[in-house]
There are 2 protein chains.
Amino acid sequence: MIKEQRQERILSELAKRGSVGVVELSKLLGVSEATVRRDLGELAGHGLLRRTHGGAALVERGEELPYHAKAAAYLPEKRRIGAAAAALLEPGQVIGCTGGTTVAQAARLLQGKRLVVVTNALNIALELAGSEETDVIMTGGALRSRSLETVGHIAERSFREFCIDVALLGADGISIKEGITTYHLAEAHANRVLVERSREVWVLADHSKLGKVTPAVIGPVSRMTRLITDAGAPDDFVASLREQGIDVVVV
Amino acid sequence: MIKEQRQERILSELAKRGSVGVVELSKLLGVSEATVRRDLGELAGHGLLRRTHGGAALVERGEELPYHAKAAAYLPEKRRIGAAAAALLEPGQVIGCTGGTTVAQAARLLQGKRLVVVTNALNIALELAGSEETDVIMTGGALRSRSLETVGHIAERSFREFCIDVALLGADGISIKEGITTYHLAEAHANRVLVERSREVWVLADHSKLGKVTPAVIGPVSRMTRLITDAGAPDDFVASLREQGIDVVVV
DNA sequence: ATCGACATGATTGAAAATGAGCGAACCGCG
DNA sequence: CGCGGTTCGCTCATTTTCAATCATGTCGAT
């Protein structure tokens with residue numbers, strides 16, 4: 001039996017049963033346990049299964065997807081930024097959230113607060129799914145797997161149904177000249193509608209985003225009422241925003 | 001048997017019966033009581049069950065999602081049902097999915113198929129989020145943490161925008177007399193709209209749901225075009241549905 | 001025929017999981 | 001209350017599993 005066939009077989013067995021043991025597979029496939037371990041290791045390397053002691057199990061969705069919070073870059077900064085944002089929000093407010101790992105960190109800390117959260121991002125909704133106190137409204141729309149945001153007319157129409165107190169925006173780039181930008185046009189469009197409907201716009205971004213420009217414009221920096229970033233932010237950048245009357249919180 | 005399988009078994013047993021004893025599990029699984037205790041401790045640490053003296057019980061309504069507990073009950077049956085449903089779908093079709101753990105098992109196997117999936121359930125969207133081939137549309141709406149479904153007028157309006165080939169319905173109860181039912185009124189309402197918009201209606205339910213009635217009606221059994229269930233289904237129940245011209249698939 | 005690349009199987013010391021033993025804590029019951 | 005039996009959490013020895021290494025076998029190319 002060829003390696004490919006064997007690995008195929010392992011995956012199908014796993015799909016059928018949810019978890020499999022090394023010894024078990026060894027007997028089933030008629031190869032040594034060493035070979036089974038090698039196969040499992042290889043498959044796990046491709047993210048097709050999760051290795052466990054004694055065997056393997058199905059990968060949990062969300063464990064391996066690109067935005068998984070634990071895998072995020074600048075995680076400590078993002079956590080602090082998220083915590084600061086969460087602390088500044090008040091009970092009873094209506095919050096709009098875009099996707100992104102920084103916003104997700106904030107969302108995680110909103111659990112149990114009496115808030116209404118409107119979001120087009122799957123990961124945000126998921127963070128808050130367990131919270132009894134928080135009302136979560138998803139906008140719906142076409143799902144973009146890269147960012148887990150939903151976009152398109154459904155998302156935009158839903159955003160328009162709300163009057164939002166504070167928008168928590170996770171941007172990919174913030175430039176004094178070019179404004180708040182993101183990578184994807186459809187996301188930018190949905191986010192723009194959120195901004196339109198929001199009284200305040202807070203942007204959550206670690207310092208790596210500052211001065212950066214990405215293709216799709218959400219809006220000018222002047223539309224932002226508060227920026228929460230980390231201590232790595234360049235002083236002149238911060239000063240320039242403050243001159244424009246934007247509240248810059250550095251954590 | 002590896003640890004994962006054993007713990008899955010424990011959760012399944014717990015979901016079926018509401019509470020389990022250490023000694024009992026030890027005999028059932030063929031491992032020492034010490035190991036059972038360790039497993040229970042670990043699962044309790046993940047919030048998947050509540051430790052009691054002498055055993056374990058389901059987590060109280062409140063902090064944790066009962067979703068995980070539900071997911072573990074009749075898991076092998078649900079996998080087979082999900083696989084059968086996935087195998088019967090054809091490329092290019094527009095599929096509507098409600099929430100529910102059985103439907104989630106089917107969704108997992110739809111990855112990579114060229115389909116359009118419209119759903120009001122967060123867990124379904126998450127299963128398919130990684131798939132490049134599959135277009136996923138979320139309806140949006142207010143999120144119910146218990147089932148991870150979104151409900152309300154936003155969800156219903158979104159469903160109405162689609163012409164759906166096949167609806168995959170996960171019901172909580174199916175009764176010849178009372179029809180297809182679920183626990184929650186708002187969910188039933190959203191699901192009813194999905195059914196309206198669908199050419200075919202397939203219900204995915206393990207045998208524990210058959211003959212059961214729960215508070216909120218989705219529709220009469222006659223509206224269902226196919227039932228996929230497991231071998232534990234009572235013969236007379238299956239026969240009765242077949243008399244009505246419903247295609248019953250037993251896996 | 002020889003070589004090299006690759007897959008497989010066996011070996012080994014380390015790590016993890018398991019099972020048994022033992023006081024301490026807890027339950028039900030008088 | 002207090003008591004006996006059960007259950008718990010802990011430690012320690014044993015078994016299982018792991019990852020790494022090396023040897024063998026297979027196949028195709030030179």
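Below, chains carry the letters A, B, ... as their sequence lines are ordered, and counting in each starts from 1. Model, not experiment: these values are computed from the prediction.
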Nucleotide [N], atom [atom2] - distance to [atom1] of [X] in whole Å:
{"X": "L29(B)", "N": "dG19(C)", "atom1": "CG", "atom2": "P", "answer": "10 Å"}
{"X": "I2(B)", "N": "dC18(D)", "atom1": "CD1", "atom2": "C1'", "answer": "14 Å"}
{"X": "R50(A)", "N": "dC18(D)", "atom1": "CZ", "atom2": "P", "answer": "14 Å"}
{"X": "L25(A)", "N": "dG9(C)", "atom1": "CG", "atom2": "P", "answer": "14 Å"}
{"X": "M1(B)", "N": "dT16(D)", "atom1": "CE", "atom2": "C1'", "answer": "16 Å"}
{"X": "Q5(A)", "N": "dT8(C)", "atom1": "CD", "atom2": "P", "answer": "11 Å"}
{"X": "E33(A)", "N": "dA19(D)", "atom1": "CD", "atom2": "C1'", "answer": "14 Å"}

### Query
Run the side-chain contact (heavy atoms from CB on, under 4.5 Å) check on H53(A) and E4(B) step by step: do they pass?
CA-CA 9 Å; H53(A) 278 262; E4(B) 308 280 323; over 6 Å; no

### Message
Taking the ring centre of each residue, are H207(A) and Y74(A) less than 6.0 Å apart?
### Response
yes

### Query
Taking only residues two or more places apart in sequence, or in another chain, which ones meet V23(A) in a side-chain contact (heavy atoms from CB on, under 4.5 Å)?
K27(A), E33(A)

### Message
With a 4.5 Å cut-off on side-chain heavy atoms, are V31(A) and V36(A) touching?
### Response
yes

### Task
Confirm from the modelled atom types if R38(A) and dG9(C) form a donor-acceptor pair under 3.5 Å, side chain to base only.
yes

### Query
How far apart are the C-alpha atoms of S19(A) and E8(B), what are their side-chain angles, what is the distance that settles it, and do they pass the side-chain hydrogen bond (donor to acceptor under 3.5 Å, both in side chains) test?
CA-CA 9 Å; S19(A) 58; E8(B) 199 169 90; 4.8 Å; no

### Query
Just checking T52(A): base, sugar-phosphate only, or nothing, at a heavy-atom cut-off of under 4.0 Å?
sugar-phosphate

### Message
So G55(A), base contact, sugar-phosphate only, or nothing? Heavy-atom distance under 4.0 Å.
### Response
sugar-phosphate

So, is [X] near the phosphate of [N], with a side-chain N or O under 4.0 Å from OP1 or OP2?
{"X": "H53(B)", "N": "dC26(C)", "value": "no"}
{"X": "R51(A)", "N": "dC18(D)", "value": "yes"}
{"X": "T35(B)", "N": "dT18(C)", "value": "no"}

### Message
Apply side-chain hydrogen bond (donor to acceptor under 3.5 Å, both in side chains) to residues K113(A) and T134(A) and explain how you reach the verdict.
### Response
CA-CA 6 Å; K113(A) 292 204 178 183; T134(A) 315; over 6 Å; no

Strictly under 3.5 Å: I want the nitrogen or oxygen pairs between protein and nucleotides 5-7 of chain C, one per line.
unit_1, atom_1, unit_2, atom_2, d
dA7(C), OP1, K3(A), NZ, 3.2

### Message
Could you walk me through whether I10(B) and L40(B) satisfy the side-chain contact (heavy atoms from CB on, under 4.5 Å) test, starting with their C-alpha distance in whole Å, then the side-chain angles of each, then the deciding distance to 0.1 Å, before giving a yes or no?
### Response
CA-CA 8 Å; I10(B) 292 176; L40(B) 293 181; 3.8 Å; yes

### Task
Go through dA10(C), dG19(C), dT17(D) for me and flag the one nearest to the R37(A) side chain.
dT17(D)

#### Entry: Closest to the V22(B) side chain, choosing from dC8(D), dT18(C), dA10(C)
dC8(D)

